Amino acid sequence: MSKPQETAVYTHGHHESVLRSHTSRTAANSAAYLLGSLKPHMRILDIGCGPGTITADLAELVPDGHVTGVDHAPAILDQARATAAGRGLTNVDFAAADVHALDYPDDTFCVVHAHQVLQHVGDPVQALREMRRVTKPGGFIAVRDADYAAMTWYPAVPGMDDWLELYRRVARANGGEPDAGRRLRSWALTAGLTDITATSGTWTYSTAEERAWWGGLWADRTVASSYAERATEGGHATTGQLAAIAAAWREWAGQEDGWFAVLHGEILCRK
Ligand SMILES: C[S@@+](CC[C@H](N)C(=O)[O-])C[C@H]1O[C@@H](n2cnc3c(N)ncnc32)[C@H](O)[C@@H]1O
């Protein structure tokens, strides 16, 4: 039987405006729900590791253990390796892999982690089956994903609703599920997981610096990343519409009373 392979297209790609967001991520701001379960000797698989900042934090938290970061896009792994080397870590390695068909034996890892990955894959239930398969009995499957429809902001700058509607349409056309956060528990149940703790976590942007950073990276990725190409090539938006959405992001970022919240669903499952 042939193994299932990824059918979705990763919506964002790894443009600089996208990596500005990914490289800001830490175990503390993106995996707090997992940290209390970590022990120094654990062997961890970090799936969809991207540039590897969370992976490197996890490696520091298991000094007597090991972390393997894997990603479907081999090109980003060099940056992940550089992140780990720059921090002097020797208990971490990286490899290319598709979460739908992992090249590891059953019962290999103490923790299998994926942050902001299942929203982008073609079959999240199959992904969770694979994550469960390679987890040791008694080990943890830890997943956190944003939920775009639940993102909320103030004030109601014209054009921001267009951003959300367009993003969700493009992500779905690429085979993903942008409102993944609310679905994680349901997907895990379908994948056969039974011991599931479901929580939620947020990122909030409100200071002038935070608004400039968050609004700026979304403005830039709307006109210059793989997402922009997929939006125009797929016939979802014109370059003029993308420019208007980017302008809306900059206008929101300039609002002194601006506030933006990103809601995530989180599941910590015991095998
Ligand atoms: C939003 S990024 C998250 C990166 C990192 N986990 C973080 O939070 O900073 C999603 C990552 O998942 C990877 N990815 C997408 N589909 C994948 C698949 N089927 N298998 C493994 N990785 C995948 C992408 O290449 C991308 O690097």
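From a predicted model like this one, the values you see are computed outputs, not experimental measurements.
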*asked:* Which label fits Tyr205 and Trp213: parallel for a plane angle under 30°, tilted from 30 to 60°, or perpendicular past 60°?
replied: tilted
_Side-chain heavy atoms of Leu45 within contact of Leu102, under 4.5 Å_ = yes
*Please lay out, stage by stage, how Ser37 and Leu268 fare under the test side-chain contact (heavy atoms from CB on, under 4.5 Å).*
CA-CA 9 Å; Ser37 302; Leu268 186 62; 3.6 Å; yes
*Short question: side chain of Asn91, backbone of Val62 - any donor-acceptor pair under 3.5 Å?*
yes
*asked:* Checking the side chain of Asp71 only, and the main-chain atoms of Ala73 only, is there a donor and an acceptor separated by less than 3.5 Å?
replied: yes
*Donor + acceptor pair across side chains of Asp220, His15 (<3.5 Å)*: no
*Interatomic distance, Leu34 atom CG to Leu58 atom CG [nearest 0.5 angstrom]*: 6.5 Å
*Look at the side chain of Glu210 and the backbone N and O of Thr207, then say whether any donor-acceptor pair between them is shorter than 3.5 Å.*
yes
*Does Leu118 reach the side chain of Trp187, with side-chain heavy atoms less than 4.5 Å apart?*
yes
_Are Thr23 and Gln79 packed together at the side-chain level, in the sense that at least one heavy-atom pair is separated by less than 4.5 angstrom?_
yes
*Any side-chain heavy atom of Leu166 within less than 4.5 Å of one from His236?*
yes
*asked:* In this structure, would Val92 and Phe109 fall into the same cluster of hydrophobic residues linked by side-chain contacts under 4.5 Å?
replied: no
*Determine, stepwise, if the pair Arg183 / Asp145 fulfils side-chain contact (heavy atoms from CB on, under 4.5 Å).*
CA-CA 9 Å; Arg183 290 174 166 82; Asp145 266 280; over 6 Å; no
*Is any side-chain heavy atom of Ile44 closer than 4.5 Å to a side-chain heavy atom of His66?*
no
*Between Tyr148 and Arg168, is there a cation-pi geometry (under 6.0 Å to ring centre, at most 45° from the normal)?*
no
*Looking at OG of Ser206 and CH2 of Trp259, how far apart are the two atoms once the value is rounded to the nearest 0.5 Å?*
9.0 Å
*Side-chain touch Trp163/Trp153, heavy atoms, less than 4.5 angstrom*: yes
*asked:* Check whether Thr108 reaches the backbone of Tyr104 with its side chain - one donor and one acceptor, N or O, closer than 3.5 Å.
replied: no
*asked:* Has Thr53 got a side-chain atom pairing as donor or acceptor with Arg25's backbone, closer than 3.5 angstrom?
replied: yes
_Gln119 to Ala180 - nearest heavy-atom pair and separation_ = CB-CB, 3.6 Å
*Return the minimal non-hydrogen interatomic distance between Pro158 and Ala248, and the atom names on each side.*
O-CB, 3.4 Å
*Take Tyr154 and Asp257 through the side-chain contact (heavy atoms from CB on, under 4.5 Å) test and state the conclusion after the steps.*
CA-CA 8 Å; Tyr154 186 86; Asp257 56 354; 3.5 Å; yes
_For Ala228 versus Leu242, what's the shortest heavy-atom pair and its separation?_
O-CD1, 3.8 Å
*Decide salt bridge (charged side-chain N to carboxylate O under 4.0 Å, His left out) for Lys136 and Asp107; before the verdict, give the C-alpha distance in whole Å, the side-chain angles of both, and the deciding distance to 0.1 Å.*
CA-CA 4 Å; Lys136 289 181 182 175; Asp107 307 341; over 6 Å; no
*With the 4.5 Å side-chain cut-off for hydrophobic clustering, are Val111 and Met131 part of the same group?*
no
*Start with the C-alpha distance between Asp123 and Val121, add both sets of side-chain angles, then the distance that settles side-chain contact (heavy atoms from CB on, under 4.5 Å), and finish with yes or no.*
CA-CA 6 Å; Asp123 188 344; Val121 309; 5.8 Å; no
*To the nearest 0.5 Å, how far apart are CD1 in Ile267 and CG in Leu128?*
5.5 Å
*Any idea which heavy atoms bring Gly69 and Cys49 closest together, and the distance?*
C-SG, 3.8 Å
*Classify the angle between the aromatic ring planes of His115 and His113 as parallel (below 30°), tilted (30 to 60°) or perpendicular (above 60°).*
parallel
_Looking only at the side chains, is there a donor atom on one of His264 and Arg144 sitting less than 3.5 Å from an acceptor on the other?_
yes
_Side-chain donor/acceptor of Gln126 to backbone N/O of His100, under 3.5 Å_ = yes
_Distance (rounded to the nearest 0.5 Å) between Lys271 NZ and Asp195 CG_ = 13.0 Å
*Relative to the ring of Trp214, is the ring of Trp249 parallel (under 30°), tilted (30 to 60°) or perpendicular (over 60°)?*
perpendicular
_Using a strict threshold of under 4.0 Å (side-chain N to carboxylate O), is an ion pair present between Asp179 and Arg172?_
yes
_For the backbone of Ala28 and the side chain of Thr26, can you confirm whether one donor and one acceptor N or O come within less than 3.5 Å of each other?_
yes
_To check you understand the geometry: which heavy-atom pair defines the closest contact between Gly52 and Thr83, and what is its length?_
O-CG2, 4.0 Å
*Less than 4.0 Å between a side-chain N and a carboxylate O, is that true for Arg87 and Asp57?*
yes
*asked:* For Ile76 versus Gly50, what's the shortest heavy-atom pair and its separation?
replied: CG1-C, 3.5 Å
*How many angstroms lie between CD in Gln241 and OG1 in Thr232, if you round to the nearest 0.5 Å?*
11.0 Å
*Could you state whether Leu263 and Leu164 fall into the same hydrophobic cluster, counting links through intermediate Ile, Leu, Val, Met, Phe, Trp or Tyr residues with side-chain heavy atoms under 4.5 angstrom apart?*
no
*Would Val143 end up clustered with Val117 when hydrophobic side chains under 4.5 Å apart are linked, directly or stepwise?*
yes
*Any sub-3.5 Å donor-acceptor pair from Glu130's side-chain atoms to Val99's backbone N or O?*
no
*For the pair Arg211 (side chain) and Gly216 (backbone), establish whether a donor and an acceptor sit closer than 3.5 Å, ignoring hydrogens and angles.*
no
*asked:* For Asn174, is there any backbone N or O sitting under 3.5 Å from a side-chain donor or acceptor partner on Arg230?
replied: no
*CG/Leu89 to OG1/Thr55 distance, rounded to the nearest 0.5 angstrom?*
10.0 Å
*Can you tell if the side chain of Ser200 reaches within under 4.5 Å of the side chain of Tyr33, non-hydrogen atoms only?*
no
*Would Tyr227 and Tyr167 count as a close aromatic pair, with their ring centres under 6.0 Å?*
yes
*Same cluster for Leu217 and Met160 if Ile/Leu/Val/Met/Phe/Trp/Tyr side chains link at under 4.5 Å?*
yes
